[in-house]
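Treat the numbers as computed from the prediction; the structure is a model and nothing was measured. Below, chains carry the letters A, B, ... as their sequence lines are ordered, and counting in each starts from 1.
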Amino acid sequence: MFHDARLIASRDLRIELRSKVATWQVVPFALLSLILFAFAIGPNPALLKQTSPGLFWLALLFASVLGTQRSLSVEGDDATREATRLLDLDPAGIFLGKCLALIVEFVLLELVLLAGVLLFFHTHVTAWPLLVASLVLAPIGLSSASVIYGSVTTGLRSSATLLPLLVLPVLAPLLIAGARCFAEATGSTGNSAEWSGVLAVFSGVYLLLGIVLYGPLEES
Amino acid sequence: MGTAISLTSAVALVGRFPVLAGVDLSIPQGSVTTILGANGAGKTSLLRLLAGLQRLDGGNAMVLACDLSQPGRGFRRRVGLLGHDPGLYEDLTAEENLAFAMRAVRLPATHVGQALARCGIQDRLLKTPVRSLSQGQRRRVGLAKLVARRPELWLLDEPHASLDEATRVLVGELVEEAATAGATVVATSHEPEYSVPMADLVVTMGGGIVTASCRGGRHVS
């Protein structure tokens with residue numbers, strides 16, 4: 001399983017390094033979303049700071065849908081998918097590999113968005129360990145759920161529009177928990193750190209679901 | 001010589017449509033078989049069934065001593081399928097595509113350069129992303145993947161289609177080399193002038209069943 005996961009992750013990242021689709025399309029889209037949110041809210045520093053946790057996570061979620069669609073397109077057309085199926089890779093390994101590549105991309109995306117929030121939203125981090133924990137945990141759940149629902153929509157004519165409709169509602173707990181962690185880490189609110197536990201549970205559940213379900217989903 | 005493929009009343013459905021409607025076929029190990037037939041006769045569906053990519057919905061099918069109703073893991077690695085589209089990753093080079101396939105089936109990537117050279121992919125073409133290669137060059141890379149992987153069963157879907165004369169000759173040579181080394185080759189074709197001389201057995205399909213079979217032009221000592 002881990003051999004296949006490493007193989008798939010290195011293939012996906014190699015293709016991304018070469019094509020730079022995420023670099024030139026997904027990251028600018030995320031930053032643009034953040035800046036447009038800031039324009040819509042207006043030049044009120046207190047309001048910008050107060051809304052920054054939710055806007056950071058919304059921008060991340062919207063951009064993650066693009067990143068997931070790109071990750072699915074890396075698998076190629078029907079012929080390429082069948083050629084890959086003939087290699088008889090472990091489905092759990094394929095799932096983990098795709099998640100691993102997406103986690104790397106999502107963490108980089110988070111760093112760019114964090115820089116944008118600190119720059120444009122008058123926000124200061126007061127609890128780095130909590131912020132780092134949430135920024136590490138969230139991409140695991142985000143990538144797991146996205147790859148599972150991506151495999152459901154693969155091959156459908158309407159997959160590009162269906163994926164966000166299916167996956168965004170599922171990601172609501174992650175959005176809420178991530179925004180609460182971010183709010184506490186930036187001193188916007190004084191809630192407890194229990195929300196990072198929600199992130200951990202969400203990520204763990206979807207990671208396990210993906211390992212179990214990815215094979216049957218791909219075969220069907 | 002054992003039997004590589006044994007199908008008895010094999011049925012395969014796509015939706016409710018029987019793409020294979022009861023195929024009876026026996027192919028010896030190490031032989032070359034050409035499958036002829038009009039469009040929609042079931043040739044490609046038969047290759048997909050033999051590769052374990054199409055579900056067996058009725059009858060019996062034994063391929064490489066493996067029951068296709070429950071092929072199990074590891075079966076597909078013993079099979080190589082080259083379709084109209086060789087199924088390569090567009091953003092990777094020919095070399096990277098083959099290295100990925102070799103690592104996936106746990107084989108050393110040391111034969112990759114040799115296999116590509118055998119199929120005429122050399123020098124700058126090795127480092128060129130597949131999306132920049134011509135259709136013929138892609139087919140050559142697909143063939144090189146088979147050469148490097150050395151599967152026990154070669155399934156070729158119209159291997160001579162849209163190729164120049166030199167590549168058609170190459171296909172014939174590679175098929176002969178594979179069969180001589182003990183692999184079983186099954187190729188569909190619309191070009192009997194190329195495919196029949198290289199075959200031990202010629203099978204004609206129509207309406208999802210085998211309608212005729214006869215000896216081909218290949219003579220093995």
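- A salt bridge links Arg55(B) with Asp57(B): the distance from a Lys NZ or Arg NE/NH1/NH2 to an Asp or Glu carboxylate oxygen falls below 4.0 Å.
- Listed by chain and residue number, nothing satisfies the salt bridge (Lys or Arg N to Asp or Glu O under 4.0 Å) test with Arg149(B) (two or more places apart in sequence, or in another chain).
- No donor-acceptor contact under 3.5 angstrom links the side chains of Ser73(A) and Gln69(A), judged on distance only.
- If you measure heavy-atom distances from Arg18(A) to chain B, the contacts under 4.5 Å come from the side chain alone.
- With chain A as partner, the option from Arg78(B), His84(B), Arg77(B) having the largest number of non-hydrogen pairs under 4.5 angstrom is Arg77(B).
- Using a distance-only test at 3.5 Å, with no hydrogens or angles considered, no donor-acceptor pair links the side chain of Ser146(A) to the main chain of Thr68(A).
- With Arg138(B) contributing its side chain and Arg131(B) its backbone, the two residues share a donor-acceptor pair below 3.5 Å.
- By the 4.0 Å N-to-carboxylate-O rule, Lys98(A) lies close enough to Glu75(A) to be salt-bridged with it.
- Of residues 89-103 of chain B, those residues with a non-hydrogen atom less than 4.5 Å from any non-hydrogen atom of chain A are, in numerical order, Tyr89(B), Asp91(B), Leu92(B), Thr93(B), Glu96(B), Phe100(B), Ala101(B), Arg103(B).
- Among the candidates Ser19(A), Gly93(A), Ala79(A), the residue making the largest number of heavy-atom pairs closer than 4.5 Å to chain B is Ala79(A).
- Each of Asp85(B), Val105(B), Leu53(B) has some count of heavy-atom pairs under 4.5 Å with chain A, and the biggest count is that of Leu53(B).
- Atom CZ of Arg168(B) is surrounded by more than 12 heavy atoms from other residues, nucleotides or ligands within 6.0 Å.
- Across Arg140(B), Arg139(B), Gln137(B), His160(B), a single residue satisfies side chain to side chain contact (heavy atoms under 4.5 Å, CB included) together with Thr167(B), and that is Arg140(B).
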